[in-house]
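Worksheet: one structure, shown below.
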2 protein chains.
Amino acid sequence: MAKKTHKSPEQARDAILDAAEQIVVQVGPAGLRISAVAKKAGMAHPNIIHHFGSREGLLNSLANRMGERATHRITEAIKTAVDAPAQGKAAAMTQVLDTAYPGDEGRAAVWMHLSGAESSLKENMQQIVELSHQLRKTVSEDADLEHTNRLVMLVTLALVGEVVSGQGIKEALGFAEDNRAHFRAWLAEILLNLPDDQLSTSLDINHSIPQNHK
Amino acid sequence: MAKKTHKSPEQARDAILDAAEQIVVQVGPAGLRISAVAKKAGMAHPNIIHHFGSREGLLNSLANRMGERATHRITEAIKTAVDAPAQGKAAAMTQVLDTAYPGDEGRAAVWMHLSGAESSLKENMQQIVELSHQLRKTVSEDADLEHTNRLVMLVTLALVGEVVSGQGIKEALGFAEDNRAHFRAWLAEILLNLPDDQLSTSLDINHSIPQNHK
DNA sequence: ATCAGTATTTACAGAACTGTCAACAAGGTT
DNA sequence: AACCTTGTTGACAGTTCTGTAAATACTGAT
């Protein structure tokens, strides 16, 4: 009845991915039904299999698209933070944390990761570490790369944790609604003000004397 | 053929929960099939429904049991850290982080949380904050409770992040296998050595002067 | 020992979902 | 205009899973 205007493969795939992303954000990857995606995208469900091969193929494509978009947002935010003047560093750093995983999208990304979806995490993370190290060097020139590594890991883990459980933990700790952004700003400033020598622990001393005597 | 020795309801429930926990750790809550649980527990699947009402009831019971066990472990670890002597603080603090979410169990717990399972998070978190504040006061007596709140939030989020994505991020950053525990020790020492005044940011100053002129 | 209660099982009903197949339709190409 | 490629669809097959129902077996109490 309705006109079936044939879309180009790219258009069709994008429309399907848009619909799938909305659903995954709500119900998680395991709850995604291709019939629901088809309904939201306004088509019959075999069309989705035609474009993505299978339900799993759709989930992998979606995970990749979300990962690429997130990486692009994060790297752009870090770049602007690198170029920011000294008095604007804290705000720019906060911006980095804010754009890393905006809202429910990040939650869905982590969820998909748990469910085994593929994504090009490795290359992305190394790019992020490099940029972060540039950013740290704009604050203290003798910044240690190993410390940057660990700080990036800490921030990344905290961000992952926040998008997963941030809401619940915030409520459990009695934080007000707007304190979630406040927490990110607090974390950003602390990270910037951490002197590099404070990141060297006694463990590093032990670690710098490996016991290689065979 | 095999003797069907009738267990007490408690024994049966425990056996089922044990089997379910092993499976959830592997495949996540969405992938849990009560037939698989029954097979691992050595019984027929309707018996599980008889004891838990439904598949969802089983998942909720499991989430509660895991949450209670984790809370117990964490609070005990913090208590010993409170009583630890000064030179043993760092090691005790590391122990707290290590016992918080041991391995795959924590991953499953977060996964279940994402899938909407109920758990008594709120009461547990407040108890943990109180103990953590006691621990901080053994290091610096004038520790601010608000800072403890934020630190607990940071650590909790980082731990959640680690159990969820720690493996992948570690690999992406090129960390060796044993550096995962190393990261926790590093974080523990940093947390203990953070002076309280360094946790006060310019935001707190702004925040203490609210703009209420209407 | 008999009986009541319930833990346990076998068989089955019902629903939901993925993927297949054949047919149709739209859009560009010759 | 005829045609070919392919996006699109309706109907269907097959599988898998949850929950139900009735029968059975174990255990403790009287």
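A, B, ... follow the sequence lines: proteins, then strands. Residue 1 opens every chain.
Ile48(A) comes within 4.0 angstrom of no nucleic acid atom, judged by non-hydrogen atoms across all strands. Within 4.0 Å of Ser8(B), counting heavy atoms only, lies no atom of the nucleic acid at all.
Computed from coordinates, the Arg33(A) CZ to dA16(C) P distance equals 11 Å when rounded to whole Å. Atom CZ of Phe52(B) and atom C1' of dG19(D) are 16 Å apart (whole Å). Rounded to an integer number of Å, the gap from CD1 of Ile34(B) to P of dT16(D) is 16 Å. Rounded to a whole Å, the CD1 atom of Ile23(B) is 12 Å from the P atom of dC17(D). Between His45(B) atom NE2 and dT16(D) atom P the separation is 15 Å, expressed in whole Å. Rounded to a whole Å, the CZ atom of Arg55(A) is 15 Å from the P atom of dT20(C). Atom pair Asp14(B):CG and dA7(C):C1' shows a separation of 16 Å (rounding to whole Å applied). Taking atom CG on Leu32(B) and atom P on dT18(D), their separation rounds to 8 Å, with Å as the unit.
Formation of a donor-acceptor pair under 3.5 Å by the Lys89(B) side chain with backbone atoms of Val82(B) is found in this model. Side-chain N or O atoms of Arg136(B) include none that pairs as donor or acceptor with a backbone N or O of Asp196(B) at under 3.5 Å.
For His6(A), whose side chain is taken as the heavy atoms from C-beta onward, the closest listed nucleotide among dT9(C), dT18(C), dA25(C) is dA25(C). For Pro9(B), the side-chain atoms get nearest to dA7(C) when compared with the rest of dA7(C), dG19(C), dT18(D). Nearest nucleotide to the side chain of Asn47(A), out of dA25(D), dT9(D), dT9(C): dT9(D). Looking at the side chain of Pro46(A), the nearest of the listed nucleotides dT27(D), dT18(C), dT9(D) is dT9(D). Taking only side-chain atoms of Ala44(B), from C-beta outward, the nucleotide of dG19(D), dA11(D), dT10(C) with the closest atom is dT10(C). Proximity note for Met43(B) (side chain, C-beta onward) versus dT9(C), dA26(C), dG19(C): the nearest is dT9(C).
Taking only side-chain nitrogens and oxygens, His50(A) comes nearer than 4.0 Å to OP1 or OP2 of dG7(D).
The distance from the CE atom of Met43(A) to the NE2 atom of His50(A) is 11.5 Å, given to the nearest 0.5 Å.
Residue Glu76(B) places its CD atom among more than 12 non-hydrogen atoms of other residues, nucleotides or ligands, all under 6.0 Å distant.
Between Ile49(B) and Lys7(A), the residue anchored nearer the 5' end of DNA chain D, judged by the nucleotide with its closest heavy atom, is Lys7(A).
Among Leu187(A), Asn193(A), Leu191(A), the one residue that satisfies the side chain to side chain contact (heavy atoms under 4.5 Å, CB included) test with Glu189(A) is Asn193(A).
Residue side chain His51(A) does not reach the base of dG7(D) through any donor-acceptor N/O pair under 3.5 Å, judged by distance alone.
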